[in-house]
Amino acid sequence: MPELPEVETIARSLRNPPVQADFSIIGREIQKIHVLWERTLANLPPYIFIKRAQHQTVQEVSRRGKYLVIKLSTDSLLIHLRMSGDLRTENTLDASGTPFPIKKHDRLVLEFDRNIRLAFVNPRKFGRVWLVSDPEEILGSLGPEPLDRHLNGKKFHSMLQRHKRQLKPLIMDQHFLAGMGNIYTDEALFLAKLHPLTRSHTLSEEDGGVLLKAIQFVLMEGIRKNGASIDWVYRGGDFQNQFNVYGRSGEACPTCGTHIQRLVVGQRGTHICPNCQRL
């Protein structure tokens, strides 16, 4: 599933696409909408979605946790990519003026003025789209952003102390901290030298600060590398080449040389160095 760095990378590409392919949707009007799989729309039937969204103009594109937030003239479009979602921008017409065909896994397509198309690609059909007047209807229950400059070690430690949960499931709980997923949680726990089964309330204030810095570091590195490309779903990232533990079961720990182990924590495959991350 795309995590915070992958979603941030997509948001940035929609705001500032490469010069050679100017597919920015900022300031573009939605002129036509194709709903190709109705259950893509999480809160509205297609005819209402189309009636409300058509002719609205994109004002800005941002991210909240793992959600893409596209602010329109009146409403906001929220997109959660989930397991296999992605967004593709392209020309609507070829050089001869012939419309490009909609592709196999496109579930929702927005066509803008100046022949620009935004397609929500969703092969496994888990991704969802909301059209809301107030984004807080959906986003209001999310926890703080891990990269928020107001979130410091003391505040994060206080958050950890309010729970008696295993670290990994807690960090991945979107109501606790928005945007963290399997990859970046494993990498952060390794850098912080903390076992994923450690109970959150047992951490010292120093440990809490170290963990927050580790989370922020792996997220910033992930964003700098345009996310991680680990399968056919998300493309274009390079952070997978910097993994210390994730997906490296049986390989040597880059710190001590111990073989990396794969555990199951909270029903999720989890990778640790049993020497560096002692319980």
Side-chain angles (χ1 to χ4, degrees), residues 1-11 14 39-45 48-49 52-53 59-72 74-87 107-108 120 122 124-186 188-189 196 199-201 203 208 211-212 214-216 218-219 222-223 227 265-268:
M1 175 188 292
E3 302 179 29
L4 187 155
E6 290 76 36
V7 178
E8 178 65 26
T9 299
I10 292 171
L14 294 176
R39 290 177 63 187
T40 297
L41 305 179
N43 67 324
L44 294 173
I48 294 180
F49 180 92
R52 276 180 59 175
Q59 296 186 341
E60 60 183 73
V61 179
S62 59
R63 176 199 54 77
R64 177 73 171 99
K66 298 180 186 179
Y67 289 83
L68 281 159
V69 183
I70 301 177
K71 189 177 187 308
L72 305 175
T74 304
D75 295 307
S76 290
L77 199 62
L78 308 181
I79 302 175
H80 199 300
L81 304 172
R82 294 193 179 164
M83 290 298 294
S84 62
D86 199 358
L87 293 177
R107 309 302 179 192
L108 176 68
F120 180 35
N122 192 15
R124 296 175 66 183
K125 299 182 178 179
F126 293 134
R128 292 293 181 268
V129 176
W130 293 257
L131 185 69
V132 293
S133 56
D134 180 7
E136 288 302 295
E137 294 175 26
I138 307 300
L139 308 178
S141 64
L142 293 179
E145 289 283 324
L147 297 176
D148 187 333
R149 61 187 179 87
H150 297 296
L151 181 62
N152 57 34
K154 186 174 182 178
K155 289 181 180 178
F156 188 62
H157 178 251
S158 177
M159 290 167 57
L160 293 167
Q161 291 296 299
R162 291 198 290 267
H163 300 273
K164 296 182 178 182
R165 295 176 60 186
Q166 296 169 344
L167 276 180
K168 180 167 182 179
L170 179 62
I171 292 170
M172 291 179 59
D173 185 336
Q174 301 304 297
H175 302 294
F176 176 77
L177 196 64
M180 293 297 290
N182 212 27
I183 295 173
Y184 296 91
T185 300
D186 279 6
L189 288 170
R199 295 286 173 174
S200 59
H201 69 290
L203 264 62
L211 177 55
L212 177 61
I215 288 171
Q216 293 172 335
V218 296
L219 291 176
I223 292 171
V265 178
Q267 301 181 325
R268 303 298 296 271

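Throughout, residue positions are numbered sequentially from 1 according to the sequence presented.
Arg82 places a side-chain N or O within 3.5 Å of a backbone atom of Phe126 that can act as its donor or acceptor partner. Using modelled atom types, no side-chain atom of Gln267 and backbone atom of Val265 make a donor-acceptor pair closer than 3.5 Å. The backbone N or O of Arg199 lies less than 3.5 Å from no partner atom in the side chain of Gln166, so there is not a single donor-acceptor pair. When atom types are taken as modelled, the side chain of Arg64 and the backbone of Lys66 share no donor-acceptor pair closer than 3.5 angstrom.
Looking only at side-chain heavy atoms (C-beta outward), His157 and Leu212 stay at 4.5 Å or farther from each other. Within the 4.5 Å cutoff, side-chain heavy atoms of Leu170 are placed close to those of Leu160. Looking only at side-chain heavy atoms (C-beta outward), Pro2 and Ile10 stay at 4.5 Å or farther from each other. Side-chain contact between Glu145 and Leu4 is present, with heavy atoms from C-beta onward closer than 4.5 Å. Residues Asp173 and Met180 have side chains not in contact (no heavy-atom distance under 4.5 Å, counting atoms from C-beta outward). With a 4.5 Å cut-off on side-chain heavy atoms, Leu167 and Pro196 do not count as touching. Within the 4.5 Å cutoff, no side-chain heavy atoms of Ser76 are placed close to those of Ile70. The closest side-chain heavy-atom distance from Lys155 to Asn152 is below 4.5 Å.
Ser84 and Lys125 make their closest contact through OG-N, 4.3 Å (heavy atoms, listed as atom of the first residue, atom of the second, distance). Contact record, Pro5 with Tyr184: CG-CZ, 3.4 Å, taken as the closest heavy-atom pair. Closest non-hydrogen pair, Ile223 versus Glu8, comes out as CD1-CG, 4.0 Å. Across all non-hydrogen atoms, the minimal contact from Ser62 to Ala11 is O-CB, 4.1 Å. Taking each heavy atom of Glu137 and Ser133 in turn, the nearest pair found is OE2-OG, 3.6 Å. Closest approach of Met159 to Leu177, counting heavy atoms only: CE-CD1, 4.5 Å.
With sequence neighbours left out, the ring-ring contact (aromatic ring centres under 6.0 Å, His included) criterion links His80 to Tyr67. Here Asp148 pairs with nothing under the side chain to side chain donor-acceptor pair (under 3.5 Å) rule; sequence neighbours left out. With sequence neighbours left out, the ring-ring contact (aromatic ring centres under 6.0 Å, His included) criterion links His163 to Phe176.
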Could you walk me through whether Lys168 and Asp186 satisfy the side chain to side chain contact (heavy atoms under 4.5 Å, CB included) test, starting with their C-alpha distance in whole Å, then the side-chain angles of each, then the deciding distance to 0.1 Å, before giving a yes or no?
CA-CA 8 Å; Lys168 180 167 182 179; Asp186 279 6; 2.8 Å; yes
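Atom CG of Leu77 sits about 5.0 Å away from atom CZ of Phe49, to the nearest 0.5 Å. Considering CZ of Arg107 and CG of Leu41, their distance stands at 13.0 Å, rounded to 0.5 Å. In this structure, Arg128 CZ and Asn122 CG are separated by 7.0 Å, a value rounded to the nearest 0.5 Å. A distance of 5.5 Å separates CD1 of Ile79 from CG of Leu68, quoted to the nearest 0.5 Å. Summarising the geometry, atom CD belonging to Glu3 is positioned 12.0 Å from atom CG belonging to Leu81; distances are rounded to the nearest 0.5 Å. Atoms OG and CD, on Ser200 and Gln161 in that order, are 7.5 Å from each other to the nearest 0.5 Å.
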